[in-house]
Amino acid sequence: NEGTYTTSITFVDLNSDDANDAVAFYRLKNDDTSAIYMSVLIKQHSKWIASEAVKGQGNDVLEFSYGDMDYDSVSEIIVGWNMFDSKDNNTLSVYTVSSQKSKAVVKENDSLIYTKMSVTDISGEGRKEILLLKNTYNDEDSPANATVYIFEDGKLSPISSLSIVPSVTEYKTLQTQTLDNKNIFFRDGVVESYSMITE
C-alpha cells in the first residue's frame with residue numbers, strides 16, 4: 001500500500017460530523033481466491049453501523065485516499081486497486097457512502113485504468129480532484145498523459161490533460177504543491193536506460 005494511509009483499517013471523518021468513521025480492507029479466511037474486500041463503518045452517536053462487503057477490483061490495495069469531490073460535505077473514497085502486480089494497469093475506483101437506517105451503503109460510482117495517482121485540490125476551488133498519470137510506453141498508439149478529473153453526477157470527468165514523456169517505464173513518485181499561488185505537480189520515473197527523470 002502506498003500513500004498517506006497505509007494500514008488495513010483507517011479512521012477518517014467521512015461525513016463531516018467530527019466523529020471518525022472507519023474504512024477496512026481485508027481478505028476472507030476461507031476464500032481460496034486472491035480477492036480483497038472493503039467495508040465502511042460509520043459512527044452514529046455511540047454506535048457503529050457497517051456496510052456490506054465490497055469486493056475489490058484487483059488482488060490488493062495499492063493506494064487509498066478520500067475527500068469531498070462534489071461539494072456535498074461527504075467524502076468520497078478513492079481506492080487504487082493493484083491488478084496482479086502490473087506496473088501500468090491499476091484500477092482506480094471512486095465510492096460514495098451514505099447512511100440508510102441501520103447500515104452504511106457503499107456504492108462504486110466509476111473506475112478508470114491508471115499508472116499513478118494523486119488526490120488533491122489542484123484547481124484551488126476547495127474540492128478534491130484526481131490527477132492520474134497513464135504510462136503507455138509499451139503501447140505506441142496511446143500516448144502517455146497526465147489528466148485531472150473531477151467527480152460530478154456520479155462520474156469522473158476529465159477537465160485537463162497534457163502529454164508527458166512516454167519513455168518512462170516506471171513511476172517512482174508523484175507530488176503536488178502550491179508555488180506562487182499556482183498548483184503544480186512533478187513526478188520522478190525510470191526511463192528505459194534505467195536512469196531517473198523528473199518532469
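Computed from heavy atoms alone, side chains included, the values below leave out hydrogens, waters and symmetry copies.
Both V168 and L162 are members of a single hydrophobic cluster when ILVMFWY side chains are connected at heavy-atom separations under 4.5 Å. Residue Y71 is not grouped with residue F151 when hydrophobic side chains (ILVMFWY) are merged at heavy-atom distances under 4.5 angstrom, including chains of intermediate members. Residue V105 is not grouped with residue V12 when hydrophobic side chains (ILVMFWY) are merged at heavy-atom distances under 4.5 angstrom, including chains of intermediate members. Following chains of ILVMFWY side-chain contacts shorter than 4.5 Å, one cannot reach V74 starting from I130, and the two form parts of different hydrophobic clusters. Under the 4.5 Å side-chain heavy-atom criterion for ILVMFWY residues, a single connected hydrophobic cluster contains both V40 and I49.
Residues L132 and Y149 meet the side-chain proximity criterion, which asks for heavy atoms closer than 4.5 Å. Contact of the Y95 side chain with the V79 side chain is registered, since non-hydrogen atoms from C-beta on lie closer than 4.5 Å. Within the 4.5 Å cutoff, side-chain heavy atoms of E76 are placed close to those of D70. Considering only heavy atoms from C-beta on, I150 stays 4.5 Å or farther from L156 through its side chain. Contact check for L14 versus Y66: side-chain heavy atoms found under the 4.5 Å cut-off. I77 is listed as a side-chain neighbour of F64, based on a closest heavy-atom distance under 4.5 Å. Residues N82 and V61 fail the side-chain proximity criterion, which asks for heavy atoms closer than 4.5 Å. Using a 4.5 Å heavy-atom cutoff, the side chains of N30 and L28 are not in contact.
Annotation for E199: atom CD counts as buried by contact number, over 12 foreign heavy atoms lying within 6.0 Å.
Defined by atom type and a distance below 3.5 Å, a donor-acceptor pair is missing between the side-chain atoms of D68 and S75. A donor-acceptor contact closer than 3.5 angstrom is absent between the side chains of N145 and S163. No side-chain donor-acceptor contact under 3.5 Å links Y114 and T91. A donor-acceptor contact closer than 3.5 angstrom links the side chains of S123 and E129.
Judged by distance alone, with hydrogens and angles left aside, the side-chain atoms of D188 form no donor-acceptor pair with the main-chain N or O of T173 at under 3.5 Å. Put simply, the side chain of S16 gets close to the backbone of S73: a donor and an acceptor are under 3.5 Å apart. A donor-acceptor contact shorter than 3.5 Å is absent between the side chain of D60 and the backbone of G58.
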- Please lay out, stage by stage, how I164 and R187 fare under the test side-chain contact (heavy atoms from CB on, under 4.5 Å). CA-CA 10 Å; I164 54 180; R187 55 97 187 210; 3.8 Å; yes

- Between E152 and R127, does a salt bridge (Lys or Arg N to Asp or Glu O under 4.0 Å) hold up when you go through it step by step? CA-CA 11 Å; E152 288 183 327; R127 72 171 175 180; 3.7 Å; yes

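If you run side chain to side chain contact (heavy atoms under 4.5 Å, CB included) between L131 and each of V148, V119, T147, only V148 comes through.
Note: I78 CD1 to K128 NZ = 8.5 Å, rounded to the nearest 0.5 Å.
The aromatic rings of W81 and F25 sit perpendicular to each other, their planes meeting at more than 60°, with 30° as the lower class boundary.
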